[in-house]
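The model shown is predicted, which means the values in this text are computed figures rather than measured ones. As a basis for the values below, the full set of heavy atoms in this structure was taken, side chains included, without hydrogen atoms, waters or symmetry mates.
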Amino acid sequence: MEAQGILQGLSHQYDQPVRYTLNLTTEQIMLNPYVGKEISLQYLGEIRCIACGRKVKKTYNNGYCYPCFTQLPENDLCIVKPHECHYEKGTCRDPSFGESQCMVPHYVYLAVSSDVKVGLTRKTNEIKRWIDQGAVKAIPIAELPTRKKAGELEWHLSQYLPDKTNWRKMLKGEMEEKDLLRLREEVHRLFPPEYDRYKVMEGEERVFDYPREKIPENLVSLHLEREGEIRDRLIGMKAQYLIFSKGVFHAKKYAGYLIRWTDDV
């Protein structure tokens, strides 16, 4: 099989294990059947912005040209620092985006990826968010009315809990067993009093299993533009990574690259 197109990253469906799809411009390749088989990803020397489609020499923030990076609301600084949301000041890059994506209920959650971390996500988007981070289990601890309100609570809790993921530990599965139900009770005690009414008290933790064989001990990043082609046995997928026997490929980082997929299946 051979397919060609602009890489859009990985999408997934919750299942046990998670079902992954590699998305090109007009092709979707179901990845789970290829675990344990040799595939090839070849860079064809062209990069296009995933938003406007213009041809560029480099991308920003996983696939955008510089104008789209500086102008689109999904690339604003408040996306990575939600507590600095400026919608109410009237300076949102696109108020309609703010209304649909930020001025809606959000969860603050605990997830186990490389260790227990605190994070936030739009309500109804939590499964996608947790899989994109490579979480093996996760649970909401608060539901707040806006992204900014959730960001303020997350920022407060980040003084006590990590809010970042170590990608090597996450891919290897090097984490201790954690009881998130018990941890939720402990973290609730850290809430400022004004956030008590937003606590999520019920609900079981969600558990995730990923399609993969034994992960190599030495994980190195594979750089498509430098190597030109990645031809190797696919060991599995986790978060936005394709895991090969020789290294790992971060698909989201190379969104916008024109690639050719080939396999012998």
Heavy-atom pair of closest approach, residues [X] and [Y]:
X    : Y    : value
I29  : A3   : CD1-CB, 4.1 Å
D163 : S158 : OD2-CB, 3.8 Å
P95  : Y87  : O-CE1, 3.6 Å
P216 : K172 : O-CE, 4.0 Å
A135 : A111 : CB-CB, 4.1 Å
P82  : G151 : CB-CA, 3.8 Å

Step-by-step side chain to side chain contact (heavy atoms under 4.5 Å, CB included) determination, H250 to Y241
CA-CA 5 Å; H250 190 236; Y241 288 90; 3.5 Å; yes

From [atom1] ([X]) to [atom2] ([Y]), nearest 0.5 Å:
X    : Y    : atom1 : atom2 : result
H86  : L77  : NE2   : CG    : 7.5 Å
L10  : I131 : CG    : CD1   : 11.5 Å
L24  : Q8   : CG    : CD    : 8.0 Å
I215 : N218 : CD1   : CG    : 13.0 Å
L153 : L190 : CG    : CG    : 10.0 Å
T21  : M237 : OG1   : CE    : 9.0 Å

Give a yes or no answer on whether the side chain of [X] reaches the backbone of [Y] with a donor-acceptor pair at less than 3.5 Å.
X    : Y    : result
S113 : G134 : no
K238 : M170 : yes
N32  : V18  : yes
R206 : I127 : no
R184 : E202 : yes
H156 : F191 : no
Q16  : D209 : yes
R93  : L72  : yes
R260 : Q4   : no
N75  : C68  : yes

Beyond-backbone contact of [X] with [Y], side-chain heavy atoms, under 4.5 angstrom:
X    : Y    : value
K199 : V187 : no
L22  : L41  : yes
Y254 : E225 : yes
V200 : I141 : no
R54  : P67  : yes
V248 : W167 : yes
L144 : L120 : no
Y20  : V35  : no

Hydrophobic cluster membership, [X] vs [Y], 4.5 Å side-chain cutoff:
X    : Y    : answer
Y64  : I6   : no
L222 : W261 : yes
L258 : L7   : no
I39  : F249 : yes
Y160 : L183 : yes

Answer yes or no: are there more than 12 heavy-atom neighbours, outside [X] itself, under 6.0 Å from its atom [atom1]?
X    : atom1 : result
R182 : CZ    : yes
Q159 : CD    : yes
Y14  : OH    : yes
K169 : NZ    : yes

Yes or no on side chain to side chain contact (heavy atoms under 4.5 Å, CB included) for H83 and E154, after CA distance, side-chain angles and deciding distance?
CA-CA 8 Å; H83 61 285; E154 179 199 33; 6.0 Å; no

Just checking, any donor-acceptor pair under 3.5 angstrom between side chains of [X] and [Y]?
X    : Y    : value
E227 : Y43  : no
D132 : H12  : yes
E229 : S40  : yes
Q101 : R122 : yes

For the pair K137 and E204, find out whether any cationic side-chain nitrogen is under 4.0 Å from an anionic carboxylate oxygen.
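E204 and K137: not salt-bridged.
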
Assess whether a salt bridge exists between E213 and R233, defined as any Lys/Arg side-chain N lying under 4.0 Å from an Asp/Glu carboxylate O.
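Yes, charged N to carboxylate O under 4.0 Å.
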
Is the positively charged end of K149 above the ring of Y195, judged by distance under 6.0 angstrom from the centroid and angle within 45° of the axis?
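That pair qualifies as a cation-pi contact.
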
For K117 and T165, what are the C-alpha separation, side-chain angles and deciding distance, and is it a side chain to side chain contact (heavy atoms under 4.5 Å, CB included)?
CA-CA 8 Å; K117 70 178 292 290; T165 297; 3.4 Å; yes

Any idea how F69 and Y60 line up, ring-wise: parallel (<30°), tilted (30 to 60°), or perpendicular (>60°)?
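Ring orientation, 0 to 90° scale: parallel.
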
Do the ring planes of W130 and F208 sit parallel (below 30°), tilted (30 to 60°) or perpendicular (above 60°)?
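Aromatic pair W130/F208 classed perpendicular.
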
Would L180 and V112 satisfy side chain to side chain contact (heavy atoms under 4.5 Å, CB included), going step by step from the backbone distance to the final call?
CA-CA 9 Å; L180 292 188; V112 180; 3.8 Å; yes

